[in-house]
Amino acid sequence: MSLAPTHTTPRGQVVLQPTYFTCSLFVDLAREDIDHLVRVYAERYARSPLPQPFVLFKDIWNNQGWTWLHFKVFDARSRDAFLKVTMQLFSERLAESEYPLTRAAALFGLYTFFATQPTTSAPPLHALTHLPMTIDMYQSLLKLPDVLETDFMRPLRPHVIYVLSALQKAQFFHILPPSNLYPLYPRELPREKFVSDTTDGYEQVAYATTSATKKKGRPSKHDKVKKSKDAVVALDKWLDKTAYTYQPPRATSAEAPQPVTTHILLSHPPSTTRNNYRAKKSELLEKLEPDYPYVTTEGLGRAALERANLGVVSRLQKIDEEAAVKGMEIGGEGGERTGLRRVERAADELGKFGLLGGRGGLLGLLEGAGIGQSS
């Protein structure tokens, strides 16, 4: 008996390409989901009288359906991109600029997502064993337990220490050069921006207006002013987003203190970034004046420092004059520690041995140049 001819190749399957997971279609929504996870965890942790940090996190993880996220993609190439991007989005919330509770929740999410990768499925699914991380991010992550020293944060500390030790034991972190060299790939997320072809009438009008006003060549003064205003608005939104309110500890037999609102950079300064800045500044000053303080004649390095200081002071003076015309004051809230007067004093200290600004003038502001000197 003869058999009827049939095709031998299986029917094609729809597979998400790896580029989908690096574009805005996936990245933006994944960031929103991670933000929601962290926010819900912070709210429930603050309400719980006897918090069980990791048990609470697992409960939220399961209730929000994160357990099924690993079954979103099965193709090996696409799955590799999916795992890397998702873990990289979790690691974004580990930065020093984030609130410590946010960093702890992001670490729990990164660890849970890594540890729950299916390993016994048939056929087996691709699993990620290492996550690329810059050396400065890794060093700041190791210092996270030291930040959790307040009574409110202390219950998190043993769980954070355990998670870090478990990830180190699994050799999870693949250490890369510092972040200022942009060693991660892709360099930033999302790498691709999705623009819909089908937009409603309002979006089409807005797009047409934007296209019509965009001109070739150098930007006009109006464009520069608009760009500056947009940058100020974005900065205000970022400050509002990263500010937080906490309850100071109550002293014995005293009234409950009022809640204090502060910024994350004031309560937890970015020590790694500050140390990197100091190292780069020292390297620059050493190249400009290698023989300092034994300098007998004014060289090219000192002349360059003087021009730079003079240029900054002149520009700030012009800004202050324009602000005064509008009845505004720039940087006067902090007394002698802020404002134009301190900048002028710091620039005047350049070249005066023994003063904090003697080496670099304005480059000594971080060390206290310009404070306590009469103008």
Side-chain angles (χ1 to χ4, degrees), residues 91 94-98 100 103 132-147 173 175-184 187-188 235 238 242 263-317 319 330-331 334-375:
S91 65
L94 299 175
E96 282 188 270
S97 57
E98 297 283 354
R103 299 176 68 191
M133 179 173 287
T134 59
I135 181 66
D136 50 335
M137 173 69 79
Y138 177 69
Q139 291 173 343
S140 67
L141 181 59
L142 295 182
K143 297 176 183 177
L144 178 57
D146 300 332
V147 181
F173 300 108
I175 306 302
L176 299 179
S179 55
N180 57 355
L181 299 178
Y182 302 100
L184 292 174
R187 177 170 172 167
E188 59 181 13
L235 178 60
W238 179 78
T242 52
H263 190 267
I264 189 67
L265 294 181
L266 298 178
S267 58
H268 303 283
S271 56
T272 302
T273 305
R274 180 176 57 195
N275 293 336
N276 290 339
Y277 165 74
R278 283 175 169 167
K280 294 294 184 182
K281 181 175 66 176
S282 299
E283 182 181 352
L284 171 65
L285 293 175
E286 184 65 26
K287 289 183 178 181
L288 290 176
E289 290 186 302
D291 298 327
Y292 185 86
Y294 307 103
V295 181
T296 57
T297 59
E298 183 173 321
L300 297 177
R302 173 58 59 83
L305 281 173
E306 291 178 350
R307 288 196 304 270
N309 277 263
L310 180 60
V312 173
V313 171
S314 301
R315 187 171 182 85
L316 290 178
Q317 288 173 342
I319 294 174
I330 306 299
E336 69 170 6
R337 293 180 175 271
T338 62
L340 180 59
R341 303 286 85 81
R342 183 191 170 187
V343 174
E344 293 173 342
R345 292 194 296 267
D348 290 338
E349 292 179 5
L350 179 63
K352 297 178 182 179
F353 184 71
L355 298 180
L356 294 174
R359 181 74 187 275
L362 297 181
L363 291 178
L365 288 172
L366 182 61
E367 287 73 23
I371 296 179
Q373 302 294 328
S374 59
S375 55

Inset, instruction - Before accepting this row, confirm whether a basic side-chain N of the pair E367/R359 lies closer than 4.0 Å to the acidic partner's carboxylate O. - result: no
Inset, instruction - Considering only NZ, NE, NH1 and NH2 on the basic side and carboxylate oxygens on the acidic side, decide whether K287 and E283 come within less than 4.0 Å. - result: yes
Compare all side-chain heavy atoms of [X] with those of [Y] and state whether any distance is below 4.5 angstrom.
| X | Y | result |
| --- | --- | --- |
| I319 | L340 | no |
| R342 | L365 | yes |
| S282 | L285 | no |

Interatomic spacing from [atom1] in [X] to [atom2] in [Y] - rounded to 0.5 Å:
| X | Y | atom1 | atom2 | value |
| --- | --- | --- | --- | --- |
| R341 | I371 | CZ | CD1 | 15.5 Å |
| L284 | E289 | CG | CD | 10.0 Å |
| R307 | S314 | CZ | OG | 13.5 Å |
| L355 | D348 | CG | CG | 10.5 Å |

Do you know the tightest heavy-atom contact between [X] and [Y]?
| X | Y | result |
| --- | --- | --- |
| G361 | L350 | N-CD1, 3.7 Å |
| P132 | L184 | O-CD2, 3.8 Å |
| R302 | G358 | NH2-O, 4.4 Å |
| P183 | P177 | CG-O, 3.3 Å |

Legend entry - Identified side chain to side chain donor-acceptor pair (under 3.5 Å) partner of S179 from the options N276, D136, T134: D136
Legend entry - Y277 atom OH, over 12 foreign heavy atoms within 6.0 Å: yes
Legend entry - Heavy atoms of other groups near L300 CG, more than 12 under 6.0 Å: no
Polar side-chain atom of [X] near backbone of [Y] as donor-acceptor pair, under 3.5 Å:
| X | Y | result |
| --- | --- | --- |
| R103 | L144 | no |
| N309 | L362 | yes |
| E349 | G370 | yes |

Legend entry - Contacts of Y138 that satisfy ring-ring contact (aromatic ring centres under 6.0 Å, His included) - sequence neighbours left out: F173
Inset, instruction - Have a look at M137 and tell me which of L94, I175, L142 forms a side-chain contact (heavy atoms from CB on, under 4.5 Å) with it. - result: L94
